[in-house]
*Asks:* 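Take a look at the following structure, please.
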Amino acid sequence: MEKIVLIISLLSLSLFAFEDTTASSRLVTNCLTCHEKEQIPSSLIYKRYLMKYSTDGRMEEAMNKYLKDPKKEHSIMPAPFFLKFPMKEKISLDDAVLRDNIQTYLEKYSMKKRLMLEE
Amino acid sequence: MFRSEKRSLIRFLIIYLGSTFLLFSIASWLYYISSKHHLLDQQREPIKYEAEHIKSQLRTLHRSNAEKIIYPSHTHIQSAIYDLDKAYIFGTFQTKQTLDINKYDNRLYHIMKVEPYYLGAAYLLLAKDIDFEPIEKLQRNIFLFMLGAGLFFAMLGYFLGKLFVAPMRDSMEKMNRFIQDTTHELNTPISTILTNIEMIETFGKEEANATELKRIEIASKTLSRIYDDLTYLNLNHQYHREINTINMSRLVEERVVYFSAMAEAKLLKTVMYILPDVTLKMDKNDAFRLIDNLLSNAIKYNKKEGTLGVRLTKEFFEVSDTGVGIQKENMHRILQRFQRANNSEGGFGIGLDIVNQVVNSYDFVLHINSKEGKGTEVNIQWKK
């Protein structure tokens, strides 16, 4: 009996880990590869969003709005940024996938997780 | 202490101390609130300083790319950061604090808004344990002050109360003595009348001699004079005077005759010098009271077989006796109501008060010369 429970637990953990890895690799495929190619640091963009919107919910809405309708006024980046980098095209991802990618992005670069007290 | 005096003193003390206590309590309470706020403000200063410090630290931490971001902590001050939705992000509190400073947990709280939202922090909450020692010291000092002030004002109130009820006590003592004197004064002539009537009834009307009748006459006149004096005193403030020209010479002679029975009873020698047809414009009742009281006093306080002197001229009226006289130290208060020169004789102590009232009403001038053991001269100068 104990063995069955152990096997089920290991399988569940493996599935969650797989799911997480899948979400992460989707983010890399859909977003980060291009960012890296363009040399636009994703953590810097996260910090700019965080500094302006404070909460994950507000950041998600702002990112979603920009990605669906990329305009200077929807962007977090300053106007001179677009002199060097062209305005990106409207994203072709499904809405649910897009939201999933944004949430994974927010989770990946979260600063809250890195906060700790001096030991 | 009289019962009513005690009651008045207690009432005064209750009102006085009650109102003083209320006033001091309000003042002390306001002082306490203001001082407590001041003390707490002083204790809040380091929190505000720490808030500014953390705010600047957040900016530095936000730029950090390190794997671990060390949140600034302080030994005595706890802090936490909250996002725009007031959700807890991170802090040094042992349990997650909600962003609510309306708590009563003996701590000082301070909230600061942060913008831009470094690390996502829109609010910064800081808390510090209140140091109660200076507040307790303040409470102790106020309590000691209230105690000291209470004792001081209790003593002051008692002293003031005694001072305020003193005239009442004086009046009550005077009234008591007046009532005692009145009963005594009335008792003597009434007893004389009753005894002598009894004697006449016992021995038969035929046996009644002149002595008993004389005694009854003297006692009746005494009663009549007491009645007149009391009525005069009682009605004086609302008495309407009828000013007529009075032949004082005739009136003085009449009153000397009226009192002759009393003078004879004391075997007094009456020496009179009355200028005929001395007239004065005054109320007849006032003239009666003036003459009667002076004659009555001169007879009453005279010694047996003494001399009763009566002088009337166009300038003055003078009655003298060879009696007990007035002590020098009592001279200044002899004209006050219910004051008697000495207690050797009965009386209310109202005789000279009535004389003084009449003298003042007509702007006459009163002189009293007296030597203890030798006699008294009362001289009234008519106004010119």
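Note: hydrogens, waters and symmetry copies are ignored here, and every other heavy atom, side chains too, is used. Lettering follows sequence order; numbering is per chain, from 1.
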*Asks:* Could you please state which residues from residues 76-84 of chain B sit under 4.5 angstrom from chain A, measuring non-hydrogen atom to non-hydrogen atom, sorted by number, or 'none'?
*Replies:*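 Result: B:Ile81, B:Asp83, B:Leu84.
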*Asks:* Can you tell me how far CE of A:Met51 sits from CD of B:Glu115, rounded to the nearest 0.5 angstrom?
*Replies:* 10.5 Å
*Asks:* Look at atom NZ of A:Lys68 and say whether more than 12 heavy atoms of other residues, nucleotides or ligands are closer to it than 6.0 Å.
*Replies:*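 Correct, the count exceeds 12.
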*Asks:* In Å and rounded to the nearest 0.5 Å, what is the CG to NZ distance from B:Leu119 to A:Lys47?
*Replies:* 9.0 Å
*Asks:* What part of B:Tyr123 gets closer than 4.5 Å to chain A, counting heavy atoms only: side chain, backbone, both or neither?
*Replies:*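 Answer is neither: B:Tyr123 stays 4.5 Å or more from chain A.
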*Asks:* Give a yes or no on whether B:Arg59 atom CZ has more than 12 heavy-atom contacts from other residues, nucleotides or ligands under 6.0 Å away.
*Replies:* no
*Asks:* With only heavy atoms counted, which part of A:Tyr49 is less than 4.5 Å from chain B, the side chain, the backbone, both or neither?
*Replies:*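 Contact with chain B is absent: no heavy atom of A:Tyr49 under 4.5 Å.
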*Asks:* For a quick test of reading the model, state the closest non-hydrogen atom pair linking A:Ser54 to B:Gly120 and the distance between them.
*Replies:* OG-O, 2.6 Å
*Asks:* Considering residues, nucleotides and ligands other than B:Phe132, do more than 12 of their heavy atoms fall under 6.0 Å from its CZ?
*Replies:*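 Yes.
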*Asks:* Would a 4.5 Å heavy-atom cut-off, applied to side chains only, mark B:Leu61 and A:Met111 as touching?
*Replies:* no
*Asks:* Is it the case that over 12 heavy atoms from other parts of the model lie below 6.0 angstrom from the NZ atom of A:Lys72?
*Replies:* no
*Asks:* Flag yes if more than 12 heavy atoms outside B:His37 fall under 6.0 Å of its NE2 atom; otherwise flag no.
*Replies:* no
*Asks:* Side chain, backbone, both or neither: which part of A:Lys52 has a heavy atom under 4.5 Å from chain B?
*Replies:*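 When you check distances to chain B, only backbone atoms of A:Lys52 fall under 4.5 Å.
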*Asks:* What distance do B:Ile69 atom CD1 and A:Met116 atom CE have between them, rounded to the nearest 0.5 Å?
*Replies:*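 Reported to 0.5 Å precision, the distance equals 8.5 Å.
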*Asks:* Crowded around A:Glu73 CD? As in, over 12 foreign heavy atoms under 6.0 Å?
*Replies:* yes
*Asks:* Just checking B:Phe93: does its CZ atom have more than 12 heavy atoms from other residues, nucleotides or ligands closer to it than 6.0 angstrom?
*Replies:*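 It does: B:Phe93 CZ has more than 12 such atoms within range.
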*Asks:* Checking B:Lys68 side chain against A:Glu118 main chain: does a donor-acceptor pair fall under 3.5 Å?
*Replies:* no
*Asks:* Considering only heavy atoms and a distance below 4.5 Å, find which of B:Tyr71, B:Tyr117, B:Phe90 pairs most often with chain A.
*Replies:* B:Tyr117
*Asks:* Give, as side chain, backbone, both or neither, the part of B:Ala66 having an atom under 4.5 angstrom from any heavy atom of chain A.
*Replies:* backbone
*Asks:* Taking OH in B:Tyr49 as the centre, count heavy atoms belonging to other residues, nucleotides or ligands within less than 6.0 Å. Is the count above 12?
*Replies:*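 No, the 6.0 Å shell around OH holds no more than 12 heavy atoms from other groups.
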